[in-house]
Amino acid sequence: MSNIQVNLSKTRADMEKVGITDNIRLAEDDSHIIIIDQVKLPSVLEYKKIEDLESAYQAIKKLEIRGAPAIGIFAGYAMFMLAKKDEDLPFEEYCEHFRQNKEYLYSSRPTAVNLGWALKRMERVVEENKDKSVKEINDLLKKEAIAIHNEDIEMCLKICEYGLSLLKDGDGVLTHCNAGPLATSYGTAQGPFLLAKARGMNIRVFADETRPLLQGARLTSFELSRAGVDVTLICDNMASIVMKNGWINACFVGCDRIAANGDFANKIGTSGVAILAKHYGIPVYSLGPTSTIDMDCPDGDHIKIELRDPEEIKNMWYERPMAPAEVKCYNPSFDVTDHELLSGIVTEKGIVYPPFDVNLKKLFDEEN
Ligand code: MRU
């Protein structure tokens with residue numbers, strides 16, 4: 001594993017120079033959460049109020065808020081906001097509502113580990129403080145939600161530094177989907193490009209458009225181009241030609257769940273990128289916080305893959321249908337990249353190299 005010293009306030013100041021989007025915020029009176037509605041980007045930058053359980057569930061389901069860490073942060077705030085609305089209920093009823101809210105939000109999306117991870121953290125607060133009043137428990141829930149958010153900020157800043165340490169001025173990097181500040185506080189897979197820009201380095205980024213929901217086209221190219229990063233948008237099926245042209249020195253991708261052996265789920269198309277990269281001898285790095293590593297999941301075969309509505313392939317984003325209405329579609333939202341295709345996992349604790357089963361275990365053993 002490789003470690004470097006990170007001066008968090010310097011990294012943060014540098015990242016602020018290129019402008020970071022404020023993707024999730026709790027209202028001052030705790031009555032609602034404000035998110036950027038990511039479905040409307042890039043044509044409209046609109047903030048949306050989330051005030052109840054159903055709109056919180058739909059925000060995750062419809063990808064108004066998306067990206068594994070952002071879903072976790074949002075879930076923390078949502079559990080607090082909902083608990084706050086129940087502050088006058090008798091304790092038993094308060095707990096029952098809390099459990100129902102948690103279960104419902106958990107059912108919104110299955111693949112990203114951060115959702116369940118954040119919900120469990122919030123639940124633990126209630127379980128460990130049953131001797132306190134509902135008001136006191138709610139104060140602790142608010143603290144926990146803010147802690148989840150602040151930890152994400154710190155993790156992102158470290159990941160940006162570690163990621164940047166793998167690049168040199170003038171490098172070309174291919175990225176897939178969106179793992180920038182919209183998806184997590186300061187970005188994981190795309191954070192190092194922003195940090196490079198802030199420090200006067202030139203990294204040429206090739207962003208896959210990421211069919212069918214176009215996170216690369218709509219979000220990554222939006223975030224990077226507004227920060228002045230040299231970004232070129234390509235269709236997913238163009239990854240191989242830019243690699244063959246010799247324009248790519250590394251691939252940086254995010255992750256939604258990393259299994260104990262290093263297999264990892266990320267946006268559909270990631271494993272194809274890694275297979276092509278292997279052919280062209282290009283290193284592939286997955287960047288994500290240790291909260292995305294699921295040591296209870298032995299390998300990629302145990303990761304549940306979300307299947308989404310065929311309409312996303314056939315009609316969404318188009319003025320008229322682009323496929324016959326009756327055609328069958330298969331629309332998995334994620335795929336699993338085999339750990340053998342992966343050069344390293346960039347976490348806030350350093351870069352983990354193969355053998356991943358041994359080194360991920362070490363990482364967690366050192367923590368305890
Ligand atoms: O379906 P999405 O848009 O939530 O998928 C997002 C990804 O696959 C990201 O790469 C991943 O969540 C990491 S975000 C820091």
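Atoms within a ligand are numbered from 1 in the order they appear, just like the ligands themselves. By convention here, the first residue in the shown sequence is residue 1.
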Novice: Between D139 and K135, is there a side-chain N and carboxylate O pair less than 4.0 Å apart?
Specialist: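 Looking at D139 and K135, the cut-off is met.
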Novice: Judging by distance only, is a nitrogen or oxygen of Q215 under 3.5 angstrom from one on ligand 1?
Specialist: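 Yes, Q215 has an N/O under 3.5 Å of an N/O on ligand 1.
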Novice: Are the charged groups of E151 and R121 less than 4.0 angstrom apart, N to O?
Specialist: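 The answer is yes: the pair qualifies as a salt bridge.
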Novice: Atoms of ligand 1 less than 4.0 Å from T184 heavy atoms?
Specialist: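 The list of qualifying atoms is 15 (C).
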Novice: Under the side-chain hydrogen bond (donor to acceptor under 3.5 Å, both in side chains) rule, what pairs show up with a residue in residues 233-256, not counting sequence neighbours?
Specialist: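 Checked against side-chain hydrogen bond (donor to acceptor under 3.5 Å, both in side chains) - neighbours excluded - no pair reaches residues 233-256.
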Novice: Does K158 pair with E154 as a salt bridge, N-O distance under 4.0 Å?
Specialist: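 Salt bridge flag = yes for E154 with K158.
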Novice: Looking only at distances, can you tell me whether any N or O atom of K267, backbone or side chain, sits closer than 3.5 Å to an N or O atom of ligand 1?
Specialist: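 Yes, there is a polar N/O contact under 3.5 Å.
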Novice: N266 versus ligand 1: do any nitrogen or oxygen atoms come within less than 3.5 Å of each other?
Specialist: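 For ligand 1, there is an N or O atom that lies under 3.5 Å from one belonging to N266.
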Novice: Starting from atom 3 (O) of ligand 1, what is the nearest protein heavy atom, named by residue and atom, and what distance separates them?
Specialist: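 Result: R66 NE, 2.4 Å.
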Novice: Return yes or no for this condition: an N or O of G67 is under 3.5 Å from an N or O of ligand 1.
Specialist: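 The answer is yes, given that G67 and ligand 1 share an N or O pair closer than 3.5 Å.
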Novice: Specify the protein heavy atom at minimum distance from atom 13 (C) of ligand 1: its residue, its atom name, and the distance to 0.1 Å.
Specialist: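 That would be C255 O, 3.5 Å.
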Novice: Applying a strict 4.0 Å limit to heavy atoms, is T111 in contact with ligand 1?
Specialist: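 No, that is not the case, since the closest heavy atom of the residue is not under 4.0 Å from the ligand.
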Novice: Are W117 and I159 connected into the same hydrophobic cluster when the rule is that any two of I, L, V, M, F, W, Y join if their side-chain heavy atoms are below 4.5 Å apart?
Specialist: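 No, it is not one cluster - the side chains of I159 and W117 are not joined through contacts under 4.5 Å.
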Novice: Starting from atom 15 (C) of ligand 1, locate the nearest protein heavy atom and write down its residue, its atom name and how far away it is, to 0.1 Å.
Specialist: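 Protein heavy atom with the smallest distance to atom 15 (C) of ligand 1: T188 OG1, 3.2 Å.
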Novice: Do K267 and F334 form a cation-pi contact, if we require the NZ or CZ to be under 6.0 Å from the six-membered ring centre and within 45 degrees of the ring's axis?
Specialist: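 Yes, K267 lies over the aromatic ring of F334.
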Novice: Measuring from the heavy atoms of A112, does anything fall under 4.0 Å of ligand 1?
Specialist: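 Outside the 4.0 Å threshold, so no.
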Novice: Decide yes or no for M122 and I148: does some side-chain heavy atom of the first lie under 4.5 Å from some side-chain heavy atom of the second?
Specialist: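 Yes. Closest side-chain heavy atoms under 4.5 Å.
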Novice: Using a 4.0 Å heavy-atom cut-off, say whether T270 meets ligand 1 through its side chain, its backbone, both or neither.
Specialist: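 For T270, there is no contact with ligand 1 at all, from either part.
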Novice: Considering only heavy atoms of P69, which atoms of ligand 1 have at least one such atom less than 4.0 Å away?
Specialist: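 Answer, ordered by atom number: 14 (S), 15 (C).
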Novice: Report the part of A179 in contact with ligand 1, treating N, CA, C, O as backbone and CB onward as side chain, heavy atoms under 4.0 Å; options are side chain, backbone, both, neither.
Specialist: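 Both backbone and side chain.
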Novice: Examine the proximity of ligand 1 to R109 and report which part, side chain or backbone, both or neither, has a heavy atom under 4.0 Å away.
Specialist: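 Within the 4.0 Å criterion, R109 contacts ligand 1 through side-chain atoms alone.
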Novice: Closer than 4.0 angstrom, basic N to acidic O: yes or no for E28 and K142?
Specialist: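 The answer is no: the pair does not qualify as a salt bridge.
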Novice: For atom 8 (O) of ligand 1, what's the nearest protein heavy-atom neighbour? Residue, atom name and distance, please.
Specialist: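 Protein heavy atom with the smallest distance to atom 8 (O) of ligand 1: D256 OD1, 2.9 Å.
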Novice: For atom 12 (O) of ligand 1, grab the closest protein heavy atom and report residue, atom and distance to one decimal in Å.
Specialist: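 In this structure, atom 12 (O) of ligand 1 has A68 N, 2.9 Å as its nearest protein heavy atom.
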Novice: Hey, can you pull the donor-acceptor pairs under 3.5 Å for the side chains in residues 66-83, sequence neighbours left out?
Specialist:
residue	atom	partner	partner atom	Å
R66	NH1	Q38	OE1	2.9
R66	NH1	N178	OD1	3.2
R66	NH2	N178	O	2.7
Y77	OH	H149	ND1	2.9

Novice: What is the ring orientation for Y104 with Y57, classed by angle as parallel under 30°, tilted 30 to 60°, or perpendicular over 60°?
Specialist: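 Correct class here is parallel.
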